Protein chains: 2
Amino acid sequence: MTSGDSETIDPGVATPLWRQLAAILRARILRGDYPPGRVMPSEKQLEQEFGLSRNTARRSVALLRDEGLIVTVAGRGSYVADPLPDEDEG
Amino acid sequence: MTSGDSETIDPGVATPLWRQLAAILRARILRGDYPPGRVMPSEKQLEQEFGLSRNTARRSVALLRDEGLIVTVAGRGSYVADPLPDEDEG
DNA sequence: TCTGATTTGTCCGTATGTATG
DNA sequence: TCATACATACGGACAAATCAG
């Protein structure tokens, strides 16, 4: 239990908080906690759950979006993307 | 006055400016000017109040932090630490 | 259409951490 | 010792998009 894939944010380590949060959310997605198509926690919820500012939470979400793990829709939220099944999906 | 416990910075003495500033801040904390839990003056404020550069002020803050007198929170500021009840100071 | 609540988008200001010259 | 630059982090403000009534 000394691994770095914990589910908590630790301000005492060198890794930026937004990268720690991104790692947590990424793990939840890959684990299936947030299945494809499911809406992600809102930025405000991430604020409250992890005790971060909204801007910091937003950076985490932006990273996952850049990785293609989630899709963000203004005014609605971020959704877990489909895990790229195939090109011939139609 | 004219001793080493003045409230002013004197560039004409051998003691580094950051040590002089640290002595001033330390005195203020121990005197109760900055009570426990209270936020310390920002580095920018120390800059302006004592006419030093930010880096110099930072070294003073780092010394007090190393002494356990204050606690620094990234992106927020430094706070006066709670006094240790049983500290063997000699 | 309008209103209100929620959510994301954008911008600004402040402060510390670190690095460089 | 000082000046500058960038990264990290927090907080607030306002706008735009979405949705429910």
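What's counted below: heavy atoms across the whole structure, side chains too, no hydrogens, waters or symmetry copies. Nothing here was measured: the structure is a model prediction, and the numbers come from that model. Letters go in sequence order (proteins before strands), and every chain restarts at 1.
- To the nearest 0.5 Å, atoms CG (L25(A)) and CG (L30(A)) are separated by 11.0 Å.
- Within the structure, a side-chain polar atom (N or O) of T56(A) is placed less than 4.0 Å from OP1 or OP2 of dC10(D).
- Every residue meeting the side-chain contact (heavy atoms from CB on, under 4.5 Å) condition with R19(A), not counting sequence neighbours, appears here in chain and number order: T15(A), P16(A), L63(A).
- Listed nucleotides dT8(C), dT8(D), dC12(C) differ in distance to P16(A); the shortest reach to its side chain belongs to dT8(D).
- Note on R59(A): every side-chain N or O is 4.0 Å or more away from OP1 and OP2 of dA9(D).
- For E43(A), the side-chain contact (heavy atoms from CB on, under 4.5 Å) test picks out R54(A), R58(A), with sequence neighbours left out.
- You'll find that the side chain of E43(B) is closest to dT16(C), out of dC12(C), dG9(C), dT16(C).
- Residues satisfying the side-chain hydrogen bond (donor to acceptor under 3.5 Å, both in side chains) test with D33(B), not counting sequence neighbours, are R31(B).
- The nearest whole Å value for the distance from the OH atom in Y79(A) to the P atom in dT7(C) is 10 Å.
- Between the P atom of dA7(D) and the CG atom of L17(A) lies a distance of 17 Å, rounded to the nearest Å.
- The nearest whole Å value for the distance from the CG atom in L52(A) to the C1' atom in dA9(D) is 9 Å.
- Among residue pairs with one or both ends in residues 59-74 of chain A, those qualifying as salt bridge (charged side-chain N to carboxylate O under 4.0 Å, His left out) are R26(A)-E67(A); sequence neighbours excluded.
- With sequence neighbours excluded, the residues satisfying side-chain contact (heavy atoms from CB on, under 4.5 Å) with T56(A) are L17(A), W18(A), L52(A), S53(A).
- A straight line from CG of N55(A) to C1' of dT7(C) spans 14 Å, rounded to a whole angstrom.
- Atoms CD1 (I9(A)) and C1' (dT8(D)) sit 14 Å apart, rounded to a whole Å.
- Nucleotide dT8(D) holds its C1' atom 11 Å from the CZ atom of R19(A), rounded to whole Å.
- Nearest nucleotide to the W18(A) side chain, out of dG17(C), dA9(D), dG12(D): dA9(D).
- Between dT16(C) and R58(B), no contact under 4.0 Å exists linking OP1 or OP2 to a side-chain N or O.
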Could you write nucleotides 14-20 of chain D as a row of B, S and -, 5' to 3', where a protein heavy atom under 4.0 Å of any base atom gives B, of only sugar-phosphate atoms gives S, and otherwise -? ---BSS-

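- Counting to the nearest Å, the C1' atom of dT8(C) and the CG atom of L64(A) are 15 Å from each other.
- Rounded to an integer number of Å, the gap from L46(B) CG to dT16(C) C1' is 13 Å.
- Looking at E47(A), its side chain never comes within 3.5 Å of a backbone N or O of K44(A) through a donor-acceptor pair.
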